[in-house]
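All remarks here apply to the structure that follows.
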Amino acid sequence: GENVEQHPSTLSVQEGDSAVIKCTYSDSASNYFPWYKQELGKRPQLIIDIRSNVGEKKDQRIAVTLNKTAKHFSLHITETQPEDSAVYFCAARNSGAGSYQLTFGKGTKLSVIP
Amino acid sequence: DTAVSQTPKYLVTQMGNDKSIKCEQNLGHDTMYWYKQDSKKFLKIMFSYNNKELIINETVPNRFSPKSPDKAHLNLHINSLELGDSAVYFCASSQTSGRGNEQFFGPGTRLTVL
């Protein structure tokens, strides 16, 4: 089955700096890679996703890059703000395998220091 | 309107008891899921279910059983509760056909086993 590794487990940045979270996956057939943000005591919510036919996707201050050869994808947050503080999860799925399940990384706790 | 709802929000019970958590989605999605999030915040898929099949994560004890009375509901029954079952349980749903595969999470149920 799929295995997703996520690093770092914790990340502290100064407000205004950039934050990068990295994930690797094991199943070369995986083709869908979402990122979820979970604020304290809340539910995970999708913030951005990327499919395997795209190398990069951007949405305002958030961008995701995908390197299929290396089986590696990353989340980039620029101009961080205190409200970006949360736990971020990467995930991977092989839609073509008949399974709808996502395999999540273990999460990164991001703290943005004002 | 809440897209994915769960009841109860909090559940405190004694070891050995049997309990249920209810989940409902009003998004018209065809697939529903149950996740367990432990104290380290790891999100682990327990089940995924659509009108065709139930996929069970092999690590889930058979004390846990999902029951789906219809497409909009996937309830979780837990027998003979153990201390290690204490966690936050999230229900989620998605539409597996088409390009929009985002999983929407419910607010979570915090289960505490004493």
Side-chain angles (χ1 to χ4, degrees), chain A residues 1-11 21 23 25 27 30-54 57 59 64 85-111, chain B residues 2-6 9-10 21 23 25 27 29-60 66 71 74 87-110:
Chain A
E2 176 67 275
N3 182 47
V4 177
E5 299 283 338
Q6 182 172 346
H7 300 280
S9 56
T10 59
L11 179 60
I21 302 171
C23 290
Y25 60 99
D27 185 353
S30 286
N31 54 11
Y32 175 65
F33 307 93
W35 286 87
Y36 283 80
K37 175 183 180 183
Q38 186 178 24
E39 297 177 357
L40 187 63
K42 300 285 181 67
R43 71 191 80 190
Q45 290 190 292
L46 181 75
I47 53 171
I48 194 167
D49 57 12
I50 191 167
R51 298 181 188 275
S52 57
N53 58 349
V54 174
K57 185 176 178 180
D59 182 4
V64 57
S85 296
V87 178
Y88 291 80
F89 294 93
C90 63
R93 185 185 72 210
N94 176 1
S95 302
S99 168
Y100 317 114
Q101 294 186 359
L102 291 173
T103 301
F104 282 87
K106 291 186 175 179
T108 296
K109 183 177 181 180
L110 173 65
S111 300
Chain B
T2 304
V4 183
S5 59
Q6 292 177 232
K9 190 170 176 61
Y10 299 96
I21 306 171
C23 177
Q25 54 96 4
L27 297 166
H29 288 165
D30 61 5
T31 302
M32 298 182 72
Y33 312 82
W34 276 105
Y35 288 88
K36 179 181 181 181
Q37 187 171 46
D38 61 23
S39 57
K40 294 185 179 178
K41 304 299 184 184
F42 300 157
L43 264 174
K44 289 187 180 177
I45 182 74
M46 301 176 71
F47 307 98
S48 63
Y49 182 80
N50 66 13
N51 57 1
K52 297 175 184 175
E53 67 178 329
L54 171 68
I55 299 175
I56 303 171
N57 185 302
E58 60 192 13
T59 66
V60 176
K71 281 178 61 175
L74 185 65
V88 179
Y89 292 84
F90 286 99
C91 176
S93 73
S94 71
Q95 182 61 31
T96 54
S97 60
R99 289 189 58 79
N101 299 138
E102 176 182 354
Q103 285 190 18
F104 289 82
F105 283 79
T109 296
R110 182 174 293 278

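These figures come from a predicted structure and were not determined experimentally. By convention in this document, chain letters (A, B, ...) are assigned in the order of the sequence lines, proteins followed by strands, and residues within each chain are numbered from 1.
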B:L43 versus chain A, the contacting section by heavy-atom distance below 4.5 Å: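 When you check distances to chain A, atoms from both the backbone and side chain of B:L43 fall under 4.5 Å.
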What distance separates [X] [atom1] from [Y] [atom2], expressed to the nearest 0.5 Å?
X      : Y      : atom1 : atom2 : value
A:L102 : B:E102 : CG    : CD    : 10.5 Å
A:Y36  : B:Q103 : OH    : CD    : 5.0 Å
B:F105 : A:L46  : CZ    : CG    : 9.5 Å
B:K40  : A:K109 : NZ    : NZ    : 14.5 Å

Heavy-atom check, side chain of B:Q37 versus side chain of A:Q38, under 4.5 Å: yes
Heavy-atom closest pair, residues A:R43 and B:V4: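 For A:R43 versus B:V4, the nearest heavy atoms are NH1-O, 3.6 Å.
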Portion of A:K106 that has a non-hydrogen atom of chain B nearer than 4.5 angstrom: both
Structural part of A:P44 lying under 4.5 Å from a heavy atom of chain B: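 Contact with chain B: backbone and side chain both.
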Test ring-ring contact (aromatic ring centres under 6.0 Å, His included) applied to A:F104 and B:Y33, B:F90, B:Y35, the passing residue: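 Exactly one candidate clears the test, B:Y35.
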